[in-house]
**Q** 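Got a structure for you, questions after.
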Amino acid sequence: MTRLGIDFGTSNTAAALMAGDRPYLIPVEPGETTLPTSVFFDPVREATLYGNAANRALIEGREGRFMRALKSVLGTPLMHERRVMGHERLTLIEVVARFLATIRERAEAATGQTITAALSGRPVRFHSTDDARNIRAQDDLAQAYALAGFSDVAFLHEPEAAALTAQPLDDGTYGLIVDIGGGTSDFSIFERAGNGVRIIASHGVRIGGTDFDRLLSSAHVMPQLGRGHDLKNEMGPGTHLAPNALFNDLATWEKIAFLYTPETLRTVKLFRKLAVERKPFERLYDVIESELGHDIAFAVEAGKIAANAADARIDLSVVQKGAGIPLTTVQMTDTLAGAVAGIGDAARATLAQADIPADRIGRMVFVGGSSLMQPVQASMTDLFPQARTIPQPCRDRCGTSARAKA
Ligand SMILES: Nc1ncnc2c1ncn2[C@@H]1O[C@H](COP(=O)(O)OP(=O)(O)OP(=O)(O)O)[C@@H](O)[C@H]1O
Ligand SMILES: [Mg+2]
């Protein structure tokens, strides 16, 4: 039986299967072994697009519903609500199922085999503190796999999948997988066992690159759209701060799609009317009406990646011709300090679970796109100064469980 290894990521997805004793990465997009975990429903053509095609449709400004970071919604009531997607009414479970079915079909096309079994990666913790939600998240994902035509699904913690592919250490020290993705940060400590490795401890926290994007957007972009600005009271004199919830949703990848309702539009129209300073709320109205939330999120993500190398700017020309906001490396480090500290805490908790001192970690393997972030790397080197660092083998991102033995 062919079992397909699937790394269903918050931001990117990859799949692999064993060809003989070697993993074979499926070309899930023409010439590529990862695809963005994105979906676009086109109501005009009655078509659903996935991956790069979905991202392109959004960037070209085509009419339709775009969604990304759906993995972050797993385990929440939103997964089971039926809503209009393009020309259909679907639950998000069904949307995830269609995405997974597309992966299955592409793997079948690439290999000529029929595939009904999957080994799926999962974060150690989908949700950091809510245990019931954490369990529901895997149940939701299992349900999506079943709907996608997989009759047999096993799950593996994402950092453990990465550890299984690591070179065993021969000096008696321990290895640490540091997998910082789009939605979660996951850690596994492993040691040598024969010719392979044995997992000693795994832990994770729901902080990832999409949280970096949210924090940067909230702090640097949302004030341009009215966050922190005053509205006049509807009744009587005085003013109050524009409510923060809407700005928070607009800065959060998985929430943006749900803002495009007549109700939100009515709310921002009222904000515009009550604004002490009208300009930011005019921009906000345009962003909601023209559905530019994801375009802003992409611009923030690009600004983040640029500012990780050198002082940069967030290009907001999609909101207003020529508009942009400077983002220096120092500003970014400041804005992300709390989130980076949370990732450090999770690494320390993994160590405590393994019950070994930090100086016994001889090697750190960085996996996942956000492990390229300088503040994250600095924090990990601080915590584990003795550890040799193994950079991730791929440039932009790395599949984790996809490379595990399927
Ligand atoms: N060069 C880079 N510098 C900084 N961040 C980057 C870079 N390239 C990608 N990222 C970020 O990495 C994240 C995606 O990483 P990855 O593909 O490993 O996540 P994922 O596997 O989809 O998510 P998860 O495992 O958390 O579900 C995104 O937030 C992206 O912005
Ligand atoms: Mg990942």
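Counting starts at 1 for both ligands and their atoms, following the listed order.
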**Q** Only heavy atoms count here, so choose which of Glu158, Glu301, Arg206 is nearest to atom 30 (C) of ligand 1.
**A**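 Comparing heavy atoms across Glu158, Glu301, Arg206, the nearest one to atom 30 (C) of ligand 1 lies in Glu301.
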
**Q** With a cut-off of under 6.0 Å to the ring centre and 45° to the axis, is Arg65 in cation-pi contact with Phe41?
**A** no

**Q** So, is Asp213 polar-close to ligand 1, with some N/O to N/O distance under 3.5 Å?
**A**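 So ligand 1 has no N or O lying under 3.5 Å from an N or O of Asp213.
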
**Q** With a cut-off of 4.0 Å, which atoms of ligand 1 are near a heavy atom of Leu372?
**A**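 Counting from 1, the qualifying ligand atoms are 1 (N), 2 (C), 3 (N).
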
**Q** Heavy atoms, side chains only, cut-off 4.5 Å: are Tyr50 and Arg98 in contact?
**A**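 A side-chain contact exists here, since the closest heavy-atom pair is under 4.5 Å.
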
**Q** Pull out every atom of ligand 1 sitting under 4.0 Å from any heavy atom of Gly368, numbered as shown with elements.
**A** 18 (O)

**Q** Indicate yes or no: does Arg45 engage Asp42 in a salt bridge with an N to O separation below 4.0 Å.
**A** yes

**Q** Out of Gly208, Gly183, Ala307, whose heavy atom is nearest to atom 26 (O) of ligand 1?
**A**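 Answer by nearest heavy atom: Gly183.
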
**Q** Only heavy atoms of Lys304, strictly under 4.0 Å: list the atoms of ligand 1 that pass.
**A**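 What qualifies from ligand 1 is 11 (C), 29 (O), 30 (C), 31 (O).
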
**Q** Under 3.5 Å between some N or O of ligand 1 and some N or O of Asp179?
**A** no

**Q** Give the atom numbers and elements of ligand 1 that come within less than 4.0 Å of a heavy atom of Gly9.
**A**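 Those of ligand 1 that fall under 4.0 Å from Gly9 are 20 (P), 21 (O), 22 (O), 27 (O).
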
**Q** Need the ligand 1 atom indices (1-based, order shown) with element for anything under 4.0 Å from a heavy-atom of Met373.
**A**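 Selected atoms, number and element: 4 (C), 5 (N).
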
**Q** Tell me if the centroids of the rings in Phe187 and His203 come within less than 6.0 Å of each other.
**A** no

**Q** If you measure from the Lys or Arg side-chain nitrogens to the Asp or Glu carboxylate oxygens, is any gap between Arg125 and Asp131 under 4.0 Å?
**A**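 Answer for the salt bridge query: yes.
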
**Q** In this structure, is the centre-to-centre distance between the rings of Trp253 and Phe66 below 6.0 Å?
**A**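 Ring-ring flag for Phe66/Trp253: false, centres at least 6.0 Å apart.
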
**Q** Which of the listed options, Ala306, Ala69, Gly182, Gly121, holds the heavy atom that is closest to atom 19 (O) of ligand 1?
**A** Gly182

**Q** For Arg360, enumerate each residue passing the salt bridge (Lys or Arg N to Asp or Glu O under 4.0 Å) test, keeping only those at least two apart in sequence or located in another chain.
**A**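 Arg360 satisfies salt bridge (Lys or Arg N to Asp or Glu O under 4.0 Å) with no residue once adjacent residues are dropped.
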
**Q** For ligand 1, is there an N or O atom under 3.5 Å from any N or O atom of Gly369?
**A**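 Yes, Gly369 has an N/O under 3.5 Å of an N/O on ligand 1.
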
**Q** With Arg214, which residues qualify under side chain to side chain donor-acceptor pair (under 3.5 Å), at least two apart?
**A** Asp211

